Each structure stands twice: as C-alpha cells, then as structure tokens.
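Working notes, structure below.
As a basis for the values below, the full set of heavy atoms in this structure was taken, side chains included, without hydrogen atoms, waters or symmetry mates. Remember, predicted model here, so these are calculated numbers, not experimental data. Letters go in sequence order (proteins before strands), and every chain restarts at 1.
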2 protein chains.
Amino acid sequence: MSQSSIASALRRDAQHNRAHILEVARQAFGNDSVDVSMDAIAKLAGVGAGTLYRHFPNKDALLAALLVLHYESLDDRRVEIEAGESDAGRALELWVEALGDWMLAYEGLPEPLRAACRVESPLTPTCHAVIATTERILKAAQDEGLARRTMTGRDIFFGALAIAWASGATAAGEDTRNVLRDVLKNGWMEPKTAPGGGV
Amino acid sequence: MSQSSIASALRRDAQHNRAHILEVARQAFGNDSVDVSMDAIAKLAGVGAGTLYRHFPNKDALLAALLVLHYESLDDRRVEIEAGESDAGRALELWVEALGDWMLAYEGLPEPLRAACRVESPLTPTCHAVIATTERILKAAQDEGLARRTMTGRDIFFGALAIAWASGATAAGEDTRNVLRDVLKNGWMEPKTAPGGGV
DNA sequence: GGCTATATGGAGACTGTCTCCGCTTCGACT
DNA sequence: AGTCGAAGCGGAGACAGTCTCCATATAGCC
C-alpha cells in the first residue's frame, strides 16, 4: 500500500501495461536495434499506439526509461570498481570499459545519447550523471598522477561514445574497437617518462 | 564535344538539371545539414521529385556525387602534403587533419559514411579510396618508425570519423574535438622513449 | 516541321512518429 | 452490489520523409 507515490499514481492496469511495454521494448531493442519502430513495439506489446505514447511521450522517453534501469547496473559496477580497486588508474580503465558496454546495450544507442548531450531530451539527465561520475573517477586518477590533466570527464565520455558509435554492435569492427579503446586509454594515461606532444 | 561519354549520354537539359541540383544540394547541405529532405532539395532546385530521383536514385547517391567533388580537393591536399612535407609523421598528421575537415564538409555526414563502410552504398567506393590513401600515408610513417605498427589505416579512418561524429559541426564540442584529435595523434605516434602500455 | 528517345513533374504508395478523441474499465464511495 | 467520474485505452489519421510510376512535354536528329 505504502509503495511509492509513483505506483499509487497509476491505476493497476496502467502499471502492468507500463511494465509490459518496457519488457517488450527491452527485448525488441536488444534483439534488433533501437531502430525498431514505436508502432512495432506497441503491436508486440499488444497495446494501441495511444497507450504506448501515454506512458512514454516519445521514443527517447522509452529509451530513457530502459536506460535508467541499465544505469542502475552500471552504477553497481561503479561501486564494485571503487570498492575493489585501489589503483585509481586501473579503476578508471575498468570504468571506461563498463561505460563502453553500457553505451552498446542496444545497437544504435550512441546516436540518441549524443543528441541528448546537445539538446534537452529524456536521456539528458542520465548522460549528465554518467559524465559526472566519469569526471569523479578521472579526478581520482589525476590526483594520483595516473591520468593527464588535459582531459576532462566529458572528453572521456565522448571518446568512449565515439568508439561505441564507430564500432557499433555488429562484429564488423571488432579489431578497430579494440585498437581505438587502446588509443583512448593511452590518451589519458600519464606518460611514464618524457612528456609526448602536449596540447 | 569530345567531352566524356557521360556528358554526351545526357541530353543538354538533363545535364543542366543535374548540375543545378548538385549546386542546390551543396548549398542546402552546407547551410543546414544532410538532414535536408530530398523533396526540399527538389523544390529548391525547381524540379519535380521524379527528376531528382532520376539523376540520383537515392539520397546517398546525391551525397556521394557531392562527396566525389569534395574528394578531389581532398586528393589535391594529399598531393600537396606529400610533395611539401618530407617528414612522414608530420604528413600523416596533416592528412588526418584534412580528413577530419572533409568528413565534416556537411553536418551529419559521418553517419552515412560509417554506414557505407558496413553495407554497400554509393558512398562505399569513396570510403575505400580514402581508407587506402590513409593506409599508404600511415605505412610511410611506420616505415620511418614514426608511427606504431599496431594501427591500420582503417583504424585511423574510423578514429577520425568517430571524432568527427562526436564533435559534430556545431560549436558545442570545440574543446572536446581538439582533445580527442590529440588523443588520436598520440595513439598512432611511436613513443619517443620507453614503450607505454602495449596492446 | 515531324518524330522518337529522352526527360519531366507530381500524385501517391509506403513507412515512421506522434495526436486526438470516443469508448472502456477501474476502483472509490455509497 | 450498484453507481459514476476519472483514468486509461486503442486505433484512425495527421504529418513528414523516401522513393516509384507513368502520362505528358521536350530536345534534337531527320
């Protein structure tokens, strides 16, 4: 009874529909890509388009709701990394890896994420949260001299996003993905010896 | 008269229309982005949609025709670089810079370019040509020990493309673009002293 | 000037996002 | 249990984009 106010704000049938739509969308986006049409999702969920749009006013909102769920597991991973890894440099490395996987939870996801960083969208808050976390983990590494101060959390976020976009979910760019990840890593790592080319 | 066989294969009015459409499209894509609709371009050019599609069977084909023109100036730049720069490492650097500009000739261009690398499209040949050139310039740098052998021309192409995509044409990511470009550069440069993190 | 291959333009098929609104159903109150 | 208003539902259809089809118009060779 004393659930959250959100739960009680929705009639029980609506709650069920909402959850069902999310589950169906998760599978549809996961099996194919975010290109699956809203109408198709409505049909798969056995509801009318109106119902779908009542719960999620546009496609980004649906994606955002799905991503918030995913974000929770990303945050769990963050806690895990921060707890288990005392080396701030290694922690950053693990975090960026987790970040890459998160961004590719659904094929085609990088595009709306990028858009959300430019114009307000339902995905925007999640993006900002991820950037802030990246910033924090980066700073810890910087404070220990394990990462250059030339980069910001935002830079790393965009770097990871760009790599996710370029390599996509298809296997086509497996090698390229690994190489670019390595390039990004080298990019933030503090050179052990002489400074390379600065900004 | 003894122009190319292409010219004589088209009636004069068709030649004129084709050229006019190209010019209009160039301006439209340049002022706004590649999102300008085909219908809008047809209207701007004062022709029917049928005429537009007769000359360019789909949007990618139109983009490809435009890009081929741009590719010529990119190739001029390549010749210029190769002639004027004896340092193979510096040549690579200049080439990647030119590459970045070329990829952002029109806002939104990176997306179709990436798609063309995965599935056949009118843009595919141009992409392959650019990758091959990058490979060649990279190899020259590698042979002089100025670039790591861990990267391929394809990797650098995708790296540049990813950066172009992430920073877009809008000014929003000016800093990020520069930082990422630097990261990419550091990524291919042979470390002067001790080897950093390997693959 | 006549004729035919070539070219044209725009209606409309198709697909996708999203809105609107008449009808249904839940569930609180009696 | 029965009533009833608010919450929810579904799907027709508005709108925008890509691209096709074909009746009509035109260039340019005779």
Q: Using heavy atoms to find the nearest nucleotide of DNA chain D for Y53(B) and G50(B) separately, return the residue whose nucleotide is more 5′.
A: Y53(B)
Q.
When you compare the side chains of W165(B) and E111(A), does any donor N or O come within less than 3.5 Å of an acceptor on the partner?
A. yes
Q) Closer than 4.0 Å, any side-chain N/O of T51(A) to the OP1 or OP2 of dG8(D)? A) no
(Q) Does R11(A) contact dA7(D) through a side-chain donor or acceptor facing the base, at a distance under 3.5 Å? (A) yes
Q. What is the distance from CG of L52(A) to P of dA12(D), rounded to the nearest Å?
A. 16 Å
Q: Would you indicate which nucleotide in dG10(C), dG16(C), dA27(D) comes nearest to any side-chain atom of S37(A)?
A: dG16(C)
**Q.** Spacing of C127(A) atom SG and M103(A) atom CE [to the nearest 0.5 Å]
**A.** 7.5 Å
Q | Backbone N/O of I137(A) and side chain of E82(A): donor-acceptor pair under 3.5 Å | A | no
**Q.** Value in whole Å for how far the P atom of dG8(D) lies from CD of Q15(A)
**A.** 10 Å
Q: Calculate the interatomic distance between I41(B) atom CD1 and dG10(C) atom P; express it in whole Å.
A: 17 Å
Q | Nearest-neighbour nucleotide for the A49(A) side chain, dG27(C), dC19(D), dG11(D) considered | A | dG11(D)
Q: Calculate the interatomic distance between R54(B) atom CZ and dC22(D) atom P; express it in whole Å.
A: 14 Å
Q: Would you mind reading off the distance between H55(A) atom NE2 and dA7(D) atom C1', rounded to a whole angstrom?
A: 10 Å
Q: Round to the nearest Å and state the distance from L10(A) atom CG to dC9(D) atom C1'.
A: 14 Å
(Q) What's the closest nucleotide to the side chain of V47(B) if the choices are dG28(D), dC9(D), dG9(C)? (A) dG9(C)
**Q.** Residue closer to the 5' end of DNA chain C, D13(B) versus D39(B) (nearest nucleotide)
**A.** D13(B)
**Q.** Connected via hydrophobic side-chain network under 4.5 Å: M151(A) and L146(A)
**A.** no
**Q.** Phosphate OP1/OP2 of dG8(D): any H16(A) side-chain N/O under 4.0 Å
**A.** no
Q. Taking atom P of dC18(C) as reference, at what distance in whole Å does atom CG of L62(A) sit?
A. 11 Å
(Q) Distance alone, cut at 3.5 Å: any donor-acceptor contact between the side chains of D155(B) and T152(B)? (A) yes
Q: For N17(B) and for A40(A), locate the closest nucleotide of DNA chain C by heavy-atom distance; then report the residue assigned to the nucleotide nearer the 5' terminus.
A: N17(B)
**Q.** Nearest-angstrom distance from the residue atom CD1 of I21(B) to P of dC19(D)
**A.** 14 Å
